[in-house]
Every structure is written in C-alpha cells, then in structure tokens.
Amino acid sequence: MTVFEELEKRGLIAQMTHPEVIKEKLEKEHVTFYIGFDATADSLHVGHFLQMIVMSHLQRAGHRPIVLLGTGTTMVGDPTGKTDMRQMLTEAQIDHNAECFRRQMSHFLDFSDDKAIILRNGDWLKPLNYITFLREVGVHFSVNKMLAAECFKTRLENGLSFIEFNYMLMQSYDFLYLYQHEGCQMQLGGNDQWANIIGGIELIRKVTTEEAYGMTFTLLTTKEGKKMGKTENGAVWLDGQKTSPYDFFQYWRNIADDDVINCLKMITFVPLAEIEAMAHWKGSELNTAKERLAFELTKLVHGEEEAQKALEAAQALFGTGADSENMPTTQILDDDFMDGKLAVTDLLVKTGLAPSKGEARRLIQQGGIAIDDHKVSDIGANVTKADFKEGQMIVKKGKKIFHKATL
RNA sequence: GGGAGUGUUCCCGAGCGGCCAAAGGGGGCAGACUGUAAAUCUGUUGUCUGACGACUACGGUGGUUCGAAUCCACCCGCUCCCA
C-alpha cells in the first residue's frame with residue numbers, strides 16, 4: 001500500500017489541489033513538504049496530533065517534512081476559526097515556545113541528516129520591508145477574493161483587524177519562500193487552512209509561473225463535532241509536566257464509543273487490518289479498543305515505559321483495586337498538620353483535587369470523596385499521620401480520579 | 001469626524017436603586033444508572049466559615065445616594081448607521 005492510499009484509507013485526506021498529480025508524486029518522488037505551526041503555547045497539544053502523524057507517515061515513505069514554526073506569523077495571529085482576536089505574544093515567549101515544540105516533535109519525526117528540518121518564518125518575515133512586501137506580494141492578492149473566503153466570513157461579522165487580515169499574505173509568502181529556497185513543493189495543513197494554502201499556491205504561480213501543491217487533512221473532531229483534545233480544564237498537552245502520562249492515557253481511555261475507531265485510524269499507526277477487526281466490536285467490547293488507543297498514543301508521546309506504567313496503573317485502579325505505583329502524588333509536609341491533624345478539606349486543596357475549600361466541602365457533602373476506599377461523609381473530618389498506612393493514602397475523587405498523598 | 005447601541009459571574013444571556021453572589025441556558029463537578037462509554041435523572045457551581053455571617057465581584061475611574069450591576073460624568077473596548 002502506498003502512503004497515499006494509507007492516508008486515504010485512514011480518512012486523513014480532506015482536500016487536494018491536484019489529486020492525480022499529488023498521488024503520483026508521493027509514489028514516485030521524494031517530496032519536500034511543509035506544515036506550519038503557531039507557537040502560541042509552550043507545548044504541543046492533542047490538536048497538533050494529526051499534523052504530526054501525517055508528517056510521520058510521509059517521512060517514513062521517504063518524503064521530507066519541513067516543520068515551519070510561526071515565529072513571525074504568531075505575532076500577527078491567524079484569524080481562521082477564531083472568534084476573538086488573538087492575544088499578542090512577546091518575542092521571548094515565542095522563542096521559548098518554539099524551542100519546546102522542537103523537543104516534543106523529535107518523538108514523531110527523525111531530524112537526523114536533514115531528513116526533516118525545522119525552520120522559523122520569523123527569520124524571513126521579520127526583515128521584510130513593508131513597501132517591498134506590498135509591491136512584491138501584496139499586488140497579487142485581490143481583496144474581494146479574500147473577503148469571499150469562508151475563513152473570513154465569521155470574522156467579518158464581528159470585526160477583523162487589519163493585522164489579522166494580513167495573515168493570509170504572510171502564510172502565502174512563507175510557501176513562496178520555502179518553494180524558492182528549500183525546494184518545498186507542497187503544503188499540508190488542517191482543512192481550515194485550505195484558503196491559506198491556496199493563497200500560497202496562487203502566489204507561487206503568479207511569481208514563478210510554476211505549480212505547487214496543497215493537501216489538507218480532516219479535522220479531528222468528536223462525533224458531536226467538537227474539537228478533540230479539549231477538556232474543560234484546557235487542552236490535553238503532550239508535555240508530561242502539563243498533562244501527566246496517566247492523565248493523558250485516561251483522556252483517551254475515556255473517549256466516547258463513537259470516536260474510538262476513528263481515532264485509531266487517524267492518529268495511531270495501528271495497522272488498518274487490525275482496526276477493521278475492532279470496528280465490528282460493540283458495547284463494552286470497545287473498552288479493549290479504547291485501551292489500545294490510549295496505550296498506543298501514550299507510547300507515541302511518552303514512550304513505551306510510561307505507557308506501560310499508565311496502563312498498569314489504570315488496570316489496577318479500575319480492576320482489582322489500589323495499586324498506587326504510578327498515581328499522581330502529593331507529599332504532605334509536617335507543617336501541614338495542625339496539632340497532628342489535617343482537615344480533609346485542606347488535604348483536597350493541597351492535592352489539587354479541589355480548587356477551593358468551598359468546592360472541597362461540596363465534594364464531601366455530595367459523597368464524592370473517599371480515602372483508602374472509605375467514603376468521607378463529614379465535612380469536618382480530619383486525617384492524622386496514623387491514617388497514612390505505610391506513609392501513604394489514596395484519595396479518590398469521584399469515580400475516576402485517584403491521587404496519592406504521602407508523608 | 002457625527003449619530004445609535006453595547007460591555008454582567010467559565011461561556012451565552014436576563015437583570016426593577018434596596019428582596020442580587022445576580023433569572024435562564026450551556027459547560028463543569030458530584031450522586032444514581034452503567035462498560036473508566038453515551039443518553040437520562042438528581043444535586044451543585046465566587047472566596048473564607050461547621051453554621052450565623054463576612055468579604056470580593058457586574059469594562060475603568062470618579063460622582064449622586066442611607067444604599068448602585070442598576071442613575072450621572074469622563075475614559076477604554078466592541079457593534080451598527082452616516083461621512
């Protein structure tokens with residue numbers, strides 16, 4: 001099976017500028033392609049998964065990915081799909097973020113021997129001269145046409161600032177730059193990037209009279225149409241400090257039935273034949289598929305060892321009972337005890353299980369807290385050092401959240 | 001530049017000068033039911049307090065008033081109409 005077929009069968013491809021040509025190129029040539037990333041946070045999150053996976057697929061097939069960090073464009077902000085104007089970031093923040101991205105990406109891509117490279121568009125965007133840019137790039141864009149683009153529609157209703165309006169020009173210029181300097185023939189991106197990609201292709205055509213190519217992939221959404229990887233506490237991060245491997249594992253383990261197969265196809269490397277088999281599973285059988293999904297993804301991001309730990313921790317917790325090996329842990333200090341006692345409400349706040357004491361009280365009142373498998377029913381309950389069996393106790397919030405407190 | 005609006009708690013959105021920590025919805029959290037799923041039902045959802053209550057909040061700054069999210073002035077942001 002060719003990469004192209006693989007991508008297609010996994011349902012990753014949304015749109016292409018030249019389906020036949022692209023298919024043939026991917027089969028017979030070594031294509032240099034790029035995907036742009038905004039460096040708005042200091043870690044990649046689940047929303048970036050698709051990009052990484054697609055790049056990885058293509059790299060394995062002998063193509064050369066360019067990761068373009070938007071160190072320049074981030075200062076402008078992509079208006080696509082945004083309701084509000086993006087917060088401005090300082091250069092120092094952007095540089096820091098870019099560095100973090102680079103580290104995390106090395107899990108997915110092989111950067112040795114220039115098999116993949118990382119570039120920063122700030123390197124060529126920042127030195128640009130306004131007049132020159134307008135004359136060389138700006139002339140090729142029709143405002144009428146841009147306004148008609150789907151991605152500006154919602155923003156047109158709420159207001160779109162000039163700086164954001166220019167984002168498309170900058171991204172198009174990136175493509176032109178990479179085309180001319182890095183031999184980059186193709187740009188990929190989420191389907192929401194279609195208009196921006198087309199912009200680059202047209203710019204290349206007008207400037208060089210040559211043809212470049214574009215392909216977008218399906219956005220990873222839940223069956224309900226929501227973006228994957230957003231929890232109410234924010235994004236699910238790939239950085240183990242921001243989202244622990246266990247939490248990361250649990251995020252996928254708890255995914256909706258309807259979404260498992262799709263996720264396996266789109267963002268794991270599990271062979272299609274295996275996935276096909278799972279697609280027939282129903283009801284609780286799907287739990288096995290979810291476990292697989294969670295394991296594969298955790299392995300991809302945090303390595304096999306961490307994935308194994310997370311899996312075992314989860315199985316122990318939800319199966320036979322407490323095994324506290326790999327649970328998130330908080331150390332309780334001597335100073336935390338008053339007269340040898342520590343209020344459970346304070347304990348909950350200290351472990352981060354409750355954001356405030358009021359919330360902690362509520363949790364107890366509603367029967368959501370258990371310590372070492374005993375439900376806590378009294379708001380005023382205390383724990384003493386003696387309650388820490390062998391120096392630790394397991395605090396359980398709700399049904400799924402476990403936390404270990406140690407002395 | 002002129003005119004008309006508008007800014008409320010995580011989000012949307014209601015809000016009479018006191019009865020407003022603020023309706024309603026969404027979301028979140030917890031409970032029941034389950035398969036660590038979905039749907040459904042129940043409770044809950046500013047901080048501190050065991051509780052009474054105290055404190056901080058309605059774009060910002062001042063003011064009127066015994067008392068302001070609600071009235072006034074100025075400022076800032078956004079939307080719309082005219083230029």
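Letters A, B, ... are given to chains in the order of the sequence lines, protein chains preceding strands, and every chain is numbered from 1.
- Of the candidate nucleotides B:C33, B:A38, B:C29, B:A38 has the atom lying nearest to any side-chain atom of A:A256.
- Here B:G35 presents its P atom at 20 Å from CG of A:D259, a figure rounded to the nearest Å.
- The distance between atom NZ of A:K396 and atom P of B:A30, rounded to the nearest whole Å, is 11 Å.
- Taking the ring centroids of A:F249 and A:H302, they lie at or beyond the 6.0 Å cut-off.
- By the 4.5 Å heavy-atom criterion applied to side chains, A:T406 and A:I332 are not counted as neighbours.
- A distance of about 12 Å separates the C1' atoms of B:G13 and B:A22, rounded to the whole Å.
- Aromatic rings of A:Y34 and A:F175 (six-membered ring for Trp) have centroids within the 6.0 Å cut-off, being under it.
- Going from the C1' atom of B:A23 to that of B:U8 covers 13 Å, rounded to whole Å.
- Applying the 4.0 Å criterion to OP1 and OP2 of B:U49, one finds that A:K357 has a side-chain N or O inside that range.
- A 4.5 Å side-chain heavy-atom check between A:F49 and A:L300 finds at least one atom pair inside the cut-off.
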Expected rows: protein N/O vs nucleotides 41-44 of chain B N/O, under 3.5 Å:
unit_1, atom_1, unit_2, atom_2, d
B:G43, N2, A:Q366, OE1, 2.8
B:G43, N2, A:Q366, NE2, 3.4
B:G43, N3, A:Q366, NE2, 3.4
B:U44, O4', A:Q366, NE2, 3.1
B:U44, O2', A:R362, NE, 3.0

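- Between A:R362 and A:E359, at least one side-chain N (NZ, or NE/NH1/NH2) sits under 4.0 Å from a carboxylate O, which counts as a salt bridge.
- Rounded to a whole Å, the CG atom of A:N254 is 8 Å from the P atom of B:A38.
- Between the side chains of A:Q185 and A:E211, not a single donor N or O lies within less than 3.5 Å of an accepting N or O.
- Remark: B:G1 base-pairs with B:C82; criterion is Watson-Crick or G-U wobble with both hydrogen-bond distances under 3.5 Å.
- At the heavy-atom level, A:A354 lies nowhere under 4.0 Å from the strands shown.
- Distance noted for atom P between B:C75 and B:G26: 41 Å (whole Å).
- Between A:K400 and the phosphate of B:A37, there is a side-chain N or O to OP1/OP2 separation shorter than 4.0 Å.
- Under 3.5 Å, the side chain of A:D378 and the base of B:G50 form no donor-acceptor pair of N or O atoms.
- With a 3.5 Å ceiling on both atom-pair distances, the Watson-Crick or G-U wobble partner of B:G77 is B:U6.
- A side-chain donor-acceptor contact under 3.5 Å links A:Q193 and A:N196.
- The P atoms of B:G63 and B:A14 are separated by 31 Å, rounded to the nearest whole Å.
- With a 3.5 Å ceiling on both atom-pair distances, the Watson-Crick or G-U wobble partner of B:G24 is B:C12.
- When the C1' atom of B:U9 is taken as reference, atom CD of A:E359 falls 15 Å away, rounded to whole Å.
- In this structure, A:M338 places its CE atom where only 12 or fewer heavy-atom neighbours from other residues, nucleotides or ligands lie under 6.0 Å away.
- Atom P of nucleotide B:A37 and atom OH of A:Y251 are separated by 14 Å, given to the nearest angstrom.
- Dashed line: the shortest gap from a side-chain N or O of A:S356 to OP1 or OP2 of B:G46 is not under 4.0 Å.
- Using P as the reference atom, B:C12 and B:A83 are 33 Å apart when rounded to the nearest Å.
- A:I255 comes within contact range of the sugar-phosphate backbone alone, with a heavy-atom separation under 4.0 Å but no base atom that close.
- In this structure, A:L348 atom CG and B:C29 atom P are separated by 16 Å, rounded to whole Å.
- For the P atom pair drawn from B:A37 and B:C81, the interatomic distance equals 49 Å after rounding to whole Å.
- Residue A:K399 has a polar side-chain atom (N or O) positioned under 4.0 Å from OP1 or OP2 of B:A32.
- With B:U36, B:A30, B:C48 as the candidates, the nucleotide lying closest to the side chain of A:K397 is B:A30.
- B:G43 is paired with B:C29 under the criterion used here, namely a Watson-Crick or G-U wobble arrangement in which both key atom distances are under 3.5 Å.
- With rounding to whole Å, A:I369 atom CD1 is found 9 Å from B:A30 atom C1'.
- With hydrogens and angles ignored, a donor-acceptor pair closer than 3.5 Å exists between the side chain of A:Q250 and the base of B:U36.
- In this structure, A:G380 reaches neither bases nor backbone, as no heavy-atom distance under 4.0 Å exists between it and the strands shown.
- Taking for each of A:G358 and A:K375 the nucleotide of RNA chain B with the nearest heavy atom, the 5'-most of the two is the partner of A:K375.
- Between the side chains of A:T32 and A:E182, no donor-acceptor pair of N or O atoms lies under 3.5 Å.
- Among the nucleotides B:G50, B:A32, B:A37, the one closest to the side chain of A:R361 is B:G50.
- B:G1 and B:A69 are spaced 33 Å apart, taking the P atom of each and rounding to whole Å.
- Nucleic acid contact class of A:K290 (heavy atoms, under 4.0 Å, all strands): base.
- Checked against A:D346 for a salt bridge (Lys or Arg N to Asp or Glu O under 4.0 Å), the options A:R361, A:K357, A:K341 give a single hit: A:K357.
- If you check B:A37, B:U36, B:C29 against the side chain of A:D257, the one that comes closest is B:A37.
- Across all strands shown, B:G63 is found opposite B:C71 as a Watson-Crick or G-U wobble partner, with both distances under 3.5 Å.
- One atom, CD1 of A:I401, and another, P of B:G28, lie 13 Å apart when rounded to the nearest Å.
- Salt-bridge annotation for A:D42 and A:K242: present, with a side-chain N of the basic residue lying under 4.0 Å from a carboxylate O of the acidic one.
- Rounded to a whole angstrom, the distance from the C1' atom of B:U56 to that of B:C66 is 22 Å.
- Ranked by how close their nearest RNA chain B nucleotide is to the 5' end, A:D346 and A:E291 are led by A:E291.
- Listed nucleotides B:C33, B:G50, B:G35 differ in distance to A:S284; the shortest reach to its side chain belongs to B:G35.
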